[in-house]
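I have placed the structure first, in the form of structure tokens, so that the comments after it can refer back to it.
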Amino acid sequence: AVEDRIIADWVAAGKPKFWNVCPNDGAPGFCQCENCLKLDEPRPGEKFNYHHADYNFSDRYLWFWNRIAERARKLRPDVTLVTYIYSFYRHAPRRERIACPDNFLAGVVPQLGDDYLRLWDEWRAVGLKRFFMRPNYLCYSSPFPRGIERFLYRNFHDGLRYGIVGVDYDGGETTPQLEFEHYVVGRQLSRPDLPFETIEAEFLSQYGAASNTVRRYVASVRERGERLLADDRFRGLSAKVLDDSLLGGATVNGYTREALESDLALVRSVDRNGLSRDEARRIDRLQVRIEHQLLTYDFFIAGAAKDAARLDAAGRRLYAFRLAHRRDLGVTAVTHYFYKTSGEFALWQKLPFFREIGGRIEGR
């Protein structure tokens, strides 16, 4: 009946060349009836579980897409069904194969800890011919910069070599610590011929005479981020969450208090006298963001210590700092830190003072 409705809607729309057959976003939302479960190909010991890293719904969905494609192409041979390869159906199917490769276009959504080259290869092996990259890499709301700009550059250029037909980056409102990531993504789309080092130099030029000092800071952050990306514990966490928006609490694991204090000392060492007013303002904002990261780090550590008094004190300091510096941190960014996907939410919910004010941000 679902197939009948999709075909009927497509015909009523005039049988356009492209037609969306993408499932709903997120989970839970996968049918557990006996017939649907029979379409899955679980390995021994795997059970239907939204949080199982290896449970795979790809067979049921490709079976569904194949049936629609076979019906639609009889009415229009050049029809293209468009869908996402995402979440619990992002890994290649274990039984099904793409029946009509020329009638199929997929937006592949790897998670940050996935081996995306392997993911692409496995889908190619079952018949995928055309795909665009649709990562959630820019969905992120933690105060800690990730240092994944080179990863984003490499991922895009790997995609070009694989023959992607386009890109579609998901992401919410940017936060200041994502500025470099957004610049890299935008610049490589407009000028894919530019080396990463050229794009980095362009971005850092906004700091004027302080650009070399900020380059050292950026290099230090990148070293942590790339080390975290290679950490099996992080990769395992990434495989178990729906997408990168839920990794906000993970990046803190790449930091230490000593590293943050070193970052702060480096930025404080900048001589503002040699900078323009705007350049000095950017350095001041960077300093505030690192101070914010230190307070956030202490908040996470207090939460891990399970000391209620310590957590309450750390939370009050952090909350007050965010209100006082919300313009430098980004007004919308401040509200993001308290969202359920931020990684902090469970800790804030433990604090009576935060529950009493309902998590409201004054002056948002």
Side-chain angles (χ1 to χ4, degrees), residues 1-111 114 118-132 134 136 168 170 236 238-243 245-246:
V2 178
E3 295 169 29
D4 290 342
R5 179 59 183 269
I6 290 173
I7 294 294
D9 287 350
W10 174 62
V11 170
K15 293 183 287 188
K17 181 175 180 179
F18 294 93
W19 197 245
N20 175 16
V21 292
C22 190
N24 292 340
D25 191 6
F30 300 101
C31 185
Q32 301 182 54
C33 79
E34 182 179 357
N35 287 333
C36 281
L37 289 175
K38 286 179 180 178
L39 296 173
D40 299 332
E41 285 287 318
R43 294 191 176 107
E46 287 183 3
K47 295 182 179 180
F48 185 100
N49 186 340
Y50 291 125
H51 303 290
H52 194 296
D54 296 320
Y55 201 88
N56 187 335
F57 292 107
S58 298
D59 283 284
R60 68 164 66 180
Y61 277 108
L62 187 50
W63 175 88
F64 174 63
W65 296 326
N66 280 340
R67 289 166 64 96
I68 298 170
E70 288 168 351
R71 292 177 61 176
R73 68 198 298 261
K74 292 177 181 178
L75 301 175
R76 177 168 181 168
D78 68 343
V79 65
T80 297
L81 300 184
V82 185
T83 187
Y84 284 170
I85 289 172
Y86 171 50
S87 179
F88 297 95
Y89 49 95
R90 75 187 187 281
H91 292 294
R94 298 164 179 173
R95 178 193 65 247
E96 297 290 325
R97 298 293 182 268
I98 298 174
C100 308
D102 292 327
N103 304 98
F104 190 75
L105 173 63
V108 182
V109 190
Q111 292 174 187
D114 286 337
R118 179 180 176 183
L119 195 69
W120 299 345
D121 283 335
E122 289 176 347
W123 275 97
R124 274 183 162 183
V126 300
L128 182 64
K129 292 177 65 175
R130 291 185 296 163
F131 76 97
F132 58 96
R134 219 294 302 175
N136 285 328
D168 179 12
D170 193 12
S238 175
K240 293 178 182 178
V241 300
L242 179 61
D243 64 35
S245 61
L246 302 180

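What you are looking at is a predicted structure, and each value in this text was computed from that prediction instead of being measured.
The distance from the OG1 atom of T80 to the CG atom of N20 is 12.5 Å, given to the nearest 0.5 Å. Rounding to the nearest 0.5 angstrom, the gap separating the CZ atom in R76 from the NZ atom in K15 is 8.5 Å. Distance check, rounded to the nearest 0.5 Å: CH2 of W19 to CG of D9 gives 6.0 Å. Note that the CD1 atom of I98 and the CG atom of L62 stand 5.5 Å from one another [nearest 0.5 Å]. Within the model, atoms OG1 of T83 and CZ of F64 stand 9.0 Å from one another, a figure rounded to the nearest 0.5 Å. To the nearest 0.5 Å, atoms CD (Q111) and OG (S87) are separated by 6.5 Å.
Taking every heavy atom of both residues into account, S58 and A92 meet most closely at CB-C, 4.2 Å. Across all their heavy atoms, N66 and C100 have their closest contact at OD1-N, 4.5 Å. Here the closest heavy-atom approach between residue V126 and residue P93 is recorded as CG2-CD, 4.1 Å. When all heavy atoms are compared, the tightest approach of V79 to N103 is O-ND2, 2.8 Å.
Checked against the 6.0 Å centroid criterion, the rings of F104 and W65 qualify as a close aromatic pair.
Salt bridge status for K74 with E70: absent, with no side-chain N to carboxylate O gap under 4.0 Å. Under a 4.0 Å N-O distance rule, the pair R94/D59 does not qualify as a salt bridge. Comment: D4 engages R71 in a salt bridge, judged by a side-chain N to carboxylate O separation of less than 4.0 angstrom.
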Test side-chain contact (heavy atoms from CB on, under 4.5 Å) applied to N56 and E41, step by step: CA-CA 7 Å; N56 187 335; E41 285 287 318; over 6 Å; no
Can you check side-chain contact (heavy atoms from CB on, under 4.5 Å) on W10 and L75, steps first, answer last? CA-CA 10 Å; W10 174 62; L75 301 175; 3.9 Å; yes
Check step by step if side-chain contact (heavy atoms from CB on, under 4.5 Å) holds for L119 and H91. CA-CA 6 Å; L119 195 69; H91 292 294; 3.4 Å; yes
Give the intermediate values and the outcome of side-chain contact (heavy atoms from CB on, under 4.5 Å) for residues W123 and I85. CA-CA 9 Å; W123 275 97; I85 289 172; 3.4 Å; yes
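Using bins of under 30°, 30° to 60° and over 60° for the plane-to-plane angle, the ring pair W120/F131 lands in the tilted bin. Using a 30° and 60° split on the angle between ring planes, F57 and F30 fall in the parallel class, below 30°.
Within the structure, the salt bridge (charged side-chain N to carboxylate O under 4.0 Å, His left out) test picks out the following pairs touching residues 123-132 (sequence neighbours left out): D102-K129.
For E122, the side chain to side chain donor-acceptor pair (under 3.5 Å) partners at least two apart in sequence or on another chain are R118.
With contacts defined as side-chain heavy-atom distances shorter than 4.5 Å, the pair D40/R60 qualifies.
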